[in-house]
Asker: 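What follows is a single structure, and I will ask about it in a moment.
Side-chain atoms are counted along with the backbone in the values below, which use heavy atoms only and exclude waters and symmetry mates. Order of the sequence lines sets the chain letters (A, B, ...), proteins ahead of strands, with each chain counted from 1.
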Amino acid sequence: MPDADADLQRFLPLSAATFHVLVALAGEELHGYAILKEVAERTGGEVELATGTLYGIVKRLLEEGWIAESRRRSPLADPRRRTYRLTDLGRRVVTAEAERLEGLVAMARSRNLLAAPASNTRRPS
Amino acid sequence: VSERSRSRASRLFRALLRLFPTDFREDFGSEMEEVFHRQRRAAGAGGKRRQAGLWARTLAGALSTGLREHLALLRHDLRLAVRSLARRPGFAAAAVLTLALGLGANTALFSVLEAVVLRPLPYPEPERLVVVGEKEADGRPSSTSYPTYADLAAESRTVEAMTAFGTSMVGLAGEGEPELVEGLRVTHTFFATFGVAPALGRGFLPEEDRPGAERVAVLSHGLWRRRFGADPAIVGRQIDLSGLQFTVVGVLPADFAPSFAATLRGVDAQVFLPLRYAGTDPPACRTCRHLVALARIRRGVALAEAGAELDGLAQALAREHPQDYPAGGAIVRPLQQEMTSGPRPLLLLWARARRAPSSPARTRWASGCASEARMLRSARWWAWWVTCAIGAWRRRRPSRLTCPTPSSATFG
């Protein structure tokens, strides 16, 4: 879908925090605290989002339609807690951003700025 | 202890939430609080340093995101207002023009109000300066005669200094073209009453304020610069006024503006001469009311107290000289009020009208715009229902009704 891909380009580049939140939600539906934990774990504690920052991003992503509030809710969970899921549009946007970043990394690698990737490198799911 | 700590943290976090717009807080506030408490529990194991890090990160996040959300809200409302205005360009132009005219008129009138009524007179402690007038038969104040001034100045205990002045027009000859110069003839107490010291030389001595004394003059700063090229050696020089030689004894400072003379007597005073009256002079008769008397009341004395004392003294003079005083008594008014008595009531009325919640002018203005507002209202409700139907962000919907529209801007 070249036209659709071209459409996605206007959303890029994403901010690092937005990218991390979308990547965290790419695996499963998560509530706010789980998103924070997932981001912190995936980055080895390098990225620790503040609650204000997280919910600023969540609000914008809901408005853009890249994530949606999940309808599934555990009866035992705190009623204040909402869970969020990635929408198809959100998945396409974060994939486009990952590809953009991959292209940049490949360019750096072609100039011998980076070593060749190890075969067992963990990739975001 | 942990419960108390949690409650304190909750209070602090809720205070931080106030950095966000209300819509944002209502949508995410409780969820954010729950997440923050879980972060706190997790950070608790890491000790105080980790707790402090969490608070710092939370504060920074609240500040930056709160600001961004407020700006986004403002951008949204502005965009909506511009779109509303663009849909009705005629009304938009009328609204903008009305606002521009209103703002312009308000600014201009406030400038006048500030200059005429609110700004204090340019003299030291101007609130102590009063105009002392003799009471006419109809109860209104009039000018003062020299003997009345002299008696009141001698008898009063509430007045620190008192002066009287009349106007004068003299022909200034000598260097350059001869010209008519407006001035004041003043008692020697004039400069002390205003609390002004000459920039060069001195004021008048008591002996210079007597009939037959040597003729001396004090120049305004403007006349000194314009006519005498700001000559620093002007003091002691002879100048020709109406064919008579006067010795310049002083030059007034640049910031001494004798605006009272312009207001009370219509004179742009540039030269000051001693009055040189004695009680026996024909113009110094008790019924020759042609002088303006000004007094500086003592510090700590109320205006009413000084007024009562001077009125009592003037009534005593009237009892002593019944044929010379039609009513007897004195009327004492603040100089500031006296100088603004003409435009002051109109300006204050305007200022009050602006503050009034529903003045007649506002009512007329509002009714003029009401028909336009009614026409807009139906269109706005339709837009609101459409917005609901397509599922716009739920907290933003009501704000569309309150965001700036041509009508609300006009009424504001």
Asker: Between A:Leu49 and chain B, which part of the residue has a heavy atom less than 4.5 Å away: side chain, backbone, both or neither?
Answerer: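 When you check distances to chain B, only backbone atoms of A:Leu49 fall under 4.5 Å.
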
Asker: Should B:Arg50 and A:Glu48 count as an ion pair when the cut-off is N to O under 4.0 Å?
Answerer: yes

Asker: Let me confirm one number: the CD1-OG1 distance from A:Ile57 to B:Thr65, rounded to the nearest 0.5 Å.
Answerer: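 These two atoms lie 7.5 Å from each other.
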
Asker: Should A:Arg81 and B:Arg38 count as side-chain neighbours, where that means a heavy-atom distance under 4.5 Å?
Answerer: yes

Asker: Minimum heavy-atom separation for B:Ala42 to A:Tyr33, with atom names?
Answerer: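 In this case the closest contact between B:Ala42 and A:Tyr33 is CB-OH, 3.4 Å.
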
Asker: Decide yes or no for B:Phe28 and A:Val58: does some side-chain heavy atom of the first lie under 4.5 Å from some side-chain heavy atom of the second?
Answerer: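 Counting from C-beta outward, B:Phe28 and A:Val58 do come under 4.5 Å.
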
Asker: Side chain, backbone, both or neither: which part of B:Glu31 has a non-hydrogen atom closer than 4.5 Å to chain A?
Answerer: both

Asker: When you look at CZ of B:Arg18, are more than 12 heavy atoms from neighbouring residues, nucleotides or ligands closer to it than 6.0 Å?
Answerer: no

Asker: Under 4.5 Å between any side-chain heavy atoms of A:Lys59 and B:Asp27, yes or no?
Answerer: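 When only atoms from C-beta onward are counted, B:Asp27 and A:Lys59 do not touch, as no gap falls below 4.5 Å.
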
Asker: Between A:Tyr55 and B:Phe24, is there a side-chain heavy-atom distance shorter than 4.5 Å?
Answerer: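 Counting from C-beta outward, B:Phe24 and A:Tyr55 do come under 4.5 Å.
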
Asker: For B:Gly61 and A:Ala50, which heavy atoms make the closest approach, and how far apart are they?
Answerer: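 Looking at all heavy atoms of both residues, the shortest contact is CA-CB, 4.0 Å.
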
Asker: Do A:Thr51 and B:Phe13 have side-chain heavy atoms sitting under 4.5 Å apart?
Answerer: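 Yes, side chains in contact.
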
